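All values derive from a computational prediction rather than experimental measurement. Naming convention: chains lettered A, B, ... in sequence-line order (proteins, then strands); numbering from 1 in each chain.
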2 protein chains.
Amino acid sequence: MRGAQGDLLRLVAAGHAESRAELARLSGLAASSVSLRVEELIGSGLLVEEGAGTSRGGRRPRRLRLSPSAGLLAVADLGAHHARLGLLDLSGTPLVVEERPCEIADGPEATIDWMAAAFEDLLAAHGPPGVPLRGVGTGIPGPVDPATGRVVAPSRMPGWNNFPVAERLGAHFDLPVLVENDANLMAAGEARSWPKCETLMVLKAGSGIGCGVMVNGALHRGRGAAGDISHVRVRSDSSVTCSCGHDDCLEAYASGAALMSVLNEQGIEVRRPADVVALVEDGVPEATALVRNAGRLIGEVLTVLVNFINPDAIVVGGSLSPAEPLIASIRAAVYERCLPLATRDLEISTTRSGPDAALLGAGSLLLDAVLA
Amino acid sequence: MRGAQGDLLRLVAAGHAESRAELARLSGLAASSVSLRVEELIGSGLLVEEGAGTSRGGRRPRRLRLSPSAGLLAVADLGAHHARLGLLDLSGTPLVVEERPCEIADGPEATIDWMAAAFEDLLAAHGPPGVPLRGVGTGIPGPVDPATGRVVAPSRMPGWNNFPVAERLGAHFDLPVLVENDANLMAAGEARSWPKCETLMVLKAGSGIGCGVMVNGALHRGRGAAGDISHVRVRSDSSVTCSCGHDDCLEAYASGAALMSVLNEQGIEVRRPADVVALVEDGVPEATALVRNAGRLIGEVLTVLVNFINPDAIVVGGSLSPAEPLIASIRAAVYERCLPLATRDLEISTTRSGPDAALLGAGSLLLDAVLA
DNA sequence: CCATCTTCCTTCGAAATCGAAGATATGGCG
DNA sequence: CGCCATATCTTCGATTTCGAAGGAAGATGG
């Protein structure tokens with residue numbers, strides 16, 4: 001997929017362009033060059049022409065789409081006790097998504113080999129015959145060094161520290177490989193659902209607290225830990241020591257794990273963050289109060305970041321996100337304390353991409369590698 | 001300066017490239033095309049060949065520089081009671097820099113007209129004859145809407161709210177005009193001195209507290225308030241109401257103005273932030289303690305941002321920055337509390353560009369407009 | 001001092017890209 | 001319905017860009 005043609009494909013795949021004219025506008029190439037290239041791409045079976053779009057006052061554009069047989073991407077999102085796995089076509093549309101149990105504590109070798117086998121599984125069961133796999137990618141619940149594809153100092157992944165995940169996964173497939181933090185993938189996935197938002201913060205509120213940032217339309221990786229807010233010190237009366245060794249980390253008060261441990265101590269049995277959401281929906285006051293407090297603490301941290309980054313939107317996802325009081329108190333804290341200029345057009349809402357956000361994000365980022 | 005040629009000029013002007021070979025590497029153009037273009041640019045008097053560079057194991061490169069007669073930029077940095085003004089050549093090198101008294105409280109019309117006159121002044125006195133002015137720009141001690149060039153909701157600039165600064169300045173000069181927040185300009189200026197740092201936080205500690213951010217080599221503007229940290233709530237025993245109406249803003253404790261007011265209450269007379277620095281250098285314990293506390297508070301705020309953005313460096317500038325205890329306690333707070341991954345290669349130090357950082361930044365940003 | 005390697009830069013035919021003009025298709029309006 | 005304005009897409013000659021080959025200048029190492 002040599003240079004300029006890859007650019008055109010990417011624009012179509014990412015949903016930015018649907019016609020030759022749009023491609024010309026967005027790519028900066030002359031309309032005639034675009035036509036030539038598109039003809040070639042159609043000739044080689046990567047693009048297909050599909051009906052006509054709506055007129056904007058003149059001749060209707062001929063819609064372009066990636067051919068469903070252009071290729072497949074196999075993507076995964078690893079959690080502590082289960083993994084979501086999916087196959088996407090090159091435009092990022094899911095063919096299948098499954099959730100399977102999987103213990104990350106089994107260590108990297110076992111988990112990655114299991115993932116490779118699961119991908120083969122999905123391909124055999126759902127892959128249209130003759131359509132080649134073009135890339136594989138996975139999200140990891142911990143920091144990933146963007147340069148090397150290694151996991152770096154994860155807090156809840158025993159045995160994974162410094163493990164070369166990308167390398168191991170690449171040994172199974174001779175293809176472009178993507179390994180990225182799960183919250184970062186969520187951010188990349190949500191970005192497709194927020195086309196007007198150049199800078200976006202995506203909060204993953206589950207048993208941990210993660211956050212991914214898109215700045216100017218691109219994922220901001222920093223040194224691999226960018227977006228981390230879980231070990232920010234929060235204002236609090238009591239004093240709790242976090243697993244990281246510091247006192248009063250956000251994670252120690254507002255993560256799903258923290259909420260669950262408090263509830264369990266109070267004799268209210270919960271096993272997963274979703275159970276907390278259920279309690280809130282049932283109107284159990286202890287749970288509601290806890291969730292509301294968590295939202296306030298998270299919101300106070302976001303306050304600093306909103307003033308600093310001025311995002312266009314804050315998206316809340318993760319297994320705790322369906323709990324209404326969570327987002328309500330995040331909103332309250334942010335709107336109350338941030339600069340008017342920063343909140344004037346700021347939208348704070350729950351995920352538009354749903355539980356597959358990370359898989360979609362993996363697809364989106366993989367495209368860049370596959371169509372390079 | 002049509003497209004591709006502008007790109008080449010910009011690479012030379014910004015100091016990224018010094019030879020045809022480097023231009024070819026950085027611009028992505030073929031070496032032969034670069035040679036052609038460079039020949040034209042030399043022909044039209046914008047570039048000059050100047051001696052030979054150092055060999056990297058083969059033939060020595062022929063050094064390229066922007067012609068001193070290619071053009072001038074007039075830039076300013078407005079403060080509350082004075083302004084720095086300068087002329088730069090197109091490679092951003094200052095020809096003159098002057099500081100003149102100037103009351104921003106006189107309102108936008110008077111100030112901007114004064115600035116225009118001062119620019120004419122400088123040109124008459126120091127502009128080489130026949131070299132055209134190619135752009136003007138200024139820094140403003142308040143938020144600027146990047147889209148319109150208007151000042152938005154500034155806290156200490158009576159009469160400036162919503163004033164179209166860029167428009168008024170443009171009325172004096174029919175040229176590209178840049179209006180930008182002063183801390184943002186400082187960030188753009190420092191960035192040239194930190195060539196290996198893709199993402200950079202630049203703190204301006206003066207009578208106020210400002211901050212500018214470069215993300216992936218580009219200034220991050222957000223909605224015009226990006227980088228604002230002055231109204232972050234800090235942990236504190238007492239309770240102070242800030243001018244913004246909220247309690248316990250960083251600015252109310254750690255800004256130069258706040259330090260000065262405390263010192264004056266204690267009967268130690270200070271009029272400018274530099275006086276505070278002098279007291280610290282004289283070993284006056286009240287001043288040192290205050291500055292150290294300010295550094296700690298600032299550092300605690302930076303903690304959150306460092307974890308989130310993972311900058312490559314934090315640069316401290318502004319009139320308070322020469323006070324050693326300030327940066328020492330910022331360092332202490334950040335290194336103590338941030339994630340190891342975020343601080344591993346993080347450099348925290350004082351300005352490399354000195355007091356002209358904002359002027360240099362204005363030049364750097366103006367170039368993009370002038371050579372577009 | 002000479003062969004060899006590296007890097008810088010230019011030359012020149014091949015290939016890609018452009019842009020102006022025109023062909024095609026559609027909506028709007030009298 | 002016919003005409004105009006608008007937008008999409010193609011054709012084709014002019015221009016730009018590329019890339020392979022080679023010349024120029026210096027480093028390296030016998």
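- Spacing between atom CD of B:Glu40 and atom P of D:dT15 amounts to 13 Å, rounded to whole angstrom units.
- One distance of note links CG of B:Leu366 with OG1 of B:Thr138; it measures 10.0 Å at 0.5 Å rounding.
- Between A:Glu22 and A:Leu11, every side-chain heavy-atom pair lies at or beyond the 4.5 Å cut-off.
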#### Entry: Per-nucleotide protein contact string for nucleotides 3-15 of chain C, where B marks a base within reach and S marks sugar-phosphate only (heavy atoms under 4.0 Å, - for neither)
---BBBSBB----
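- Residue A:Leu64 contributes atom CG, which lies 11 Å from atom C1' of D:dC9 at whole-angstrom precision.
- Here C:dT17 presents its C1' atom at 13 Å from CG of B:Leu29, a figure rounded to the nearest Å.
- Listed by first and then second residue, the salt bridge (charged side-chain N to carboxylate O under 4.0 Å, His left out) pairs involving residues 43-54 of chain A are A:Arg20-A:Glu49, A:Glu49-A:Arg62, A:Glu50-A:Arg65 (not counting sequence neighbours).
- You'll find the side chain of B:Leu175 reaches within 4.5 Å of the side chain of B:Leu133, heavy atoms only.
- Using a 4.5 Å heavy-atom threshold, the side chains of B:Val12 and B:Leu47 count as touching.
- Look at A:Arg37 and you won't find any side-chain N or O under 4.0 angstrom from OP1 or OP2 of C:dA16.
- If you take CZ on A:Arg60 and OG1 on A:Thr54, they are separated by 9.0 Å, rounding to the nearest 0.5 Å.
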